[in-house]
Number of protein chains: 2
Amino acid sequence: MAAQRGQRNGVGGDTPPAPTAAEVTTPIPRVAEVPAARERARAIPEAAVARLAVYLRVLSAMQEQGAGTVSSEELATAAGVNSAKLRKDLSYIGSYGTRGVGYEVAVLIEEIERILGLTRKHSVAVVGIGNLGHALANYGGFPGRGFPVSALFDVDPDLVGVPVGGLPVDHIDDISRVCAEREVSIGVIATPPPAAQTVCDRLVEAGVQCILNFAPVVLQVPDHVEVRKVDLAVELQVLSFHVARRADDAAATNGQQVNGMVVS
Amino acid sequence: MAAQRGQRNGVGGDTPPAPTAAEVTTPIPRVAEVPAARERARAIPEAAVARLAVYLRVLSAMQEQGAGTVSSEELATAAGVNSAKLRKDLSYIGSYGTRGVGYEVAVLIEEIERILGLTRKHSVAVVGIGNLGHALANYGGFPGRGFPVSALFDVDPDLVGVPVGGLPVDHIDDISRVCAEREVSIGVIATPPPAAQTVCDRLVEAGVQCILNFAPVVLQVPDHVEVRKVDLAVELQVLSFHVARRADDAAATNGQQVNGMVVS
DNA sequence: CTGACTTTGTGCACGCGTTCACAAGCGGTA
DNA sequence: TACCGCTTGTGAACGCGTGCACAAAGTCAG
Ligand SMILES: NC(=O)c1ccc[n+]([C@@H]2O[C@H](COP(=O)([O-])OP(=O)(O)OC[C@H]3O[C@@H](n4cnc5c(N)ncnc54)[C@H](O)[C@@H]3O)[C@@H](O)[C@H]2O)c1
Ligand SMILES: NC(=O)c1ccc[n+]([C@@H]2O[C@H](COP(=O)([O-])OP(=O)(O)OC[C@H]3O[C@@H](n4cnc5c(N)ncnc54)[C@H](O)[C@@H]3O)[C@@H](O)[C@H]2O)c1
């Protein structure tokens with residue numbers, strides 16, 4: 001169990017569980033370890049980064065509608081957050097607003113794109129061209145946003161060579177070569193759960209440092225690889241929890257319950 | 001703009017931004033408003049709920065492999081969290097472990113399922129049977145986990161009546177009737193962005209109280225409706241941010257940078 | 001029955017993220 | 001130029017979630 005770590009995704013923060021190896025160097029309470037250099041704007045909370053992406057989308061929509069400036073209040077409402085949080089989020093990337101006026105839409109778009117690293121294109125590889133893989137490959141929303149899908153992989157010989165969304169499927173065994181050739185920086189795993197870890201290892205071996213995982217599996221990756229997961233079953237179960245909570249609440253306020261079980 | 005609220009999803013907590021109407025009742029600092037009754041086990045953090053769903057999946061896998069008991073350490077490792085967090089999470093739902101031994105897998109599964117409301121089936125309706133809708137409808141993982149997909153809707157007349165994943169597509173105009181008949185409790189939105197809000201409103205009108213949204217749009221819903229969103233573009237952009245951060249770090253430690261721009 | 005060992009459950013402290021509240025700053029107006 | 005109103009940017013407080021560390025509680029060997 002050399003390098004194992006929880007995925008960064010989902011709700012709530014996920015601070016590094018502990019030093020991966022060399023448990024405790026000295027029993028001194030950890031002070032500021034970073035040498036204060038290279039400490040730039042690195043302190044953006046992950047939650048804020050995710051919201052910046054949302055702001056960016058809203059701003060793009062506003063720009064298409066011809067808006068020149070926005071106030072934090074407007075933008076916040078459109079993005080579904082309160083204005084204080086929005087301003088704090090924007091303050092992480094700098095001061096690009098004009099007091100008494102608001103923000104220039106174009107400027108804000110540019111700065112957020114810069115922070116998110118969207119000035120560079122990020123080639124995406126999809127592994128596992130089944131139900132979900134097909135949907136992803138056919139989806140037009142990624143290339144348009146700077147994430148061209150430039151490689152597809154599957155193990156099924158019937159699929160290899162077949163074009164999906166205009167791009168022919170490569171065999172999984174060629175993953176290293178193809179990823180290198182096409183400078184893939186993000187790998188998307190859409191294989192069945194049992195294959196996910198193997199595919200992940202291959203992606204890492206191929207030099208891919210960012211992975212988006214759709215398989216309901218906890219992936220083990222080295223520290224330098226970033227994993228985010230999308231787990232639809234978890235999403236549904238969280239919703240289910242809220243249904244149950246609601247039902248309980250209703251029962252409790254009506255006094256209609258026996259030993260914790262709702263009586264209909 | 002009567003009832004508008006941010007989506008509950010993604011990273012970080014999202015406490016109710018403010019009383020929806022009737023801004024301040026009294027200028028007294030809010031004390032414990034809940035009458036202390038119906039205060040049961042309601043205090044489970046959303047982040048913990050999401051993790052419970054993960055534990056449940058891991059436990060199911062363990063049970064299939066014939067495991068009878070697990071320690072918090074084992075389960076935590078398998079789920080990608082540290083054991084303290086896991087025990088804390090489990091403590092929210094009660095004390096079902098045996099000190100010195102661990103947890104009975106079967107008991108834990110049962111209790112988590114009870115808390116998540118999985119003892120009841122939750123019928124799911126998918127709206128928008130395009131690329132993504134097809135994948136969702138064909139996916140076998142939901143029915144097996146207590147989430148039968150029991151209704152499909154689209155506006156395209158060519159699709160209506162066509163069976164997808166063994167279930168014929170209904171017209172969106174029949175949504176209220178069909179949802180009522182089949183007791184749909186969760187709606188999944190997989191339409192193009194412009195249609196999402198309308199579809200959402202129709203789902204709410206049809207009595208659906210939980211919505212999973214794939215369209216990159218901030219939905220406006222009444223307070224009693226729970227929305228979670230899955231935004232793949234945001235996921236990719238967060239990954240992109242980490243790529244950029246990494247590149248910056250590398251450049252900074254090498255001293256290879258000019259005015260904030262990396263020189264290759 | 002006793003004692004040693006194992007693992008749970010949790011009180012507490014810390015840190016991060018959210019929210020509040022207001023000074024600072026800018027444009028418009030007289 | 002001086003004033004006024006509006007909006008940004010942020011210091012500080014608050015609250016929540018995480019992680020630590022240990023007492024409580026159980027098992028098992030002898
Ligand atoms: N389809 C959905 O809507 C949906 C929803 C939630 C989660 N998921 C998850 O997404 C993943 C994919 O789902 P799906 O419905 O597309 O499954 P699928 O069975 O339709 O497709 C899986 C594809 O992966 C390929 N594959 C298998 N092993 C491989 C390997 N080692 N290397 C490369 N390719 C390999 C298969 O040939 C197949 O084409 C699963 O883990 C599933 O649990 C899917
Ligand atoms: N396909 C993907 O991989 C992917 C990835 C990320 C996000 N998304 C998002 O998911 C959504 C669906 O994507 P897609 O690729 O499946 O799109 P799609 O165009 O393939 O399918 C959309 C479907 O919705 C139907 N529709 C349109 N208006 C409707 C209405 N008012 N009521 C009911 N149905 C209606 C259309 O007839 C079509 O069948 C989009 O919002 C997209 O941004 C998709």
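First the proteins, then the strands, lettered A, B, ... as listed; each starts at 1. In what follows, every heavy atom counts, from backbone to side chain, and hydrogens, waters and symmetry copies are set aside.
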Who passes side chain to side chain donor-acceptor pair (under 3.5 Å) against A:Y55, sequence neighbours left out?
A:D89
The contact string for nucleotides 25-30 of chain C, one letter per nucleotide 5' to 3', using protein heavy atoms under 4.0 Å with B, S and - for base, sugar-phosphate only and none, comes out as BBS---
Taking [atom1] from [X] and [atom2] from [N], how many angstroms apart are they, rounded to a whole number?
X	N	atom1	atom2	value
B:L86	C:dT8	CG	P	9 Å
B:I93	C:dG9	CD1	C1'	13 Å
B:R87	D:dG17	CZ	P	19 Å
A:D89	C:dT19	CG	C1'	12 Å
A:K85	C:dT19	NZ	P	4 Å
B:E104	D:dG26	CD	P	15 Å
A:Y103	D:dT7	OH	P	12 Å
B:L108	C:dT8	CG	C1'	12 Å

Check: [Y] main-chain N/O paired with [X] side-chain donor or acceptor under 3.5 Å:
X	Y	result
A:H122	B:V243	no
A:S71	A:E74	yes
B:N213	B:V217	yes
A:R114	A:T119	no

Side chains of A:V208 and A:S185, heavy atoms from C-beta outward: is any pair under 4.5 Å?
no
Please check if the number of heavy atoms outside B:E110 that lie under 6.0 Å from its CD is greater than 12.
no
So, B:R145 and B:E113, do they make that salt bridge, N to O below 4.0 Å?
no
Output the single nucleotide from [options] whose closest atom is nearest the side chain of [X].
X	options	answer
B:N82	D:dT8, C:dT18, D:dC20	D:dC20
A:P45	C:dT18, C:dG17, C:dT10	C:dG17
B:K88	D:dA21, D:dA12, C:dG11	C:dG11

Selection: residues 65-73 of chain B, any non-hydrogen atom under 4.0 Å of DNA chain C:
B:S71, B:S72
For B:R228 and B:E46, what are the C-alpha separation, side-chain angles and deciding distance, and is it a salt bridge (charged side-chain N to carboxylate O under 4.0 Å, His left out)?
CA-CA 12 Å; B:R228 290 184 71 85; B:E46 183 111 343; 2.9 Å; yes
Ignoring backbone atoms, establish whether A:R51 has a side-chain N or O less than 4.0 Å from OP1 or OP2 of C:dT18.
yes
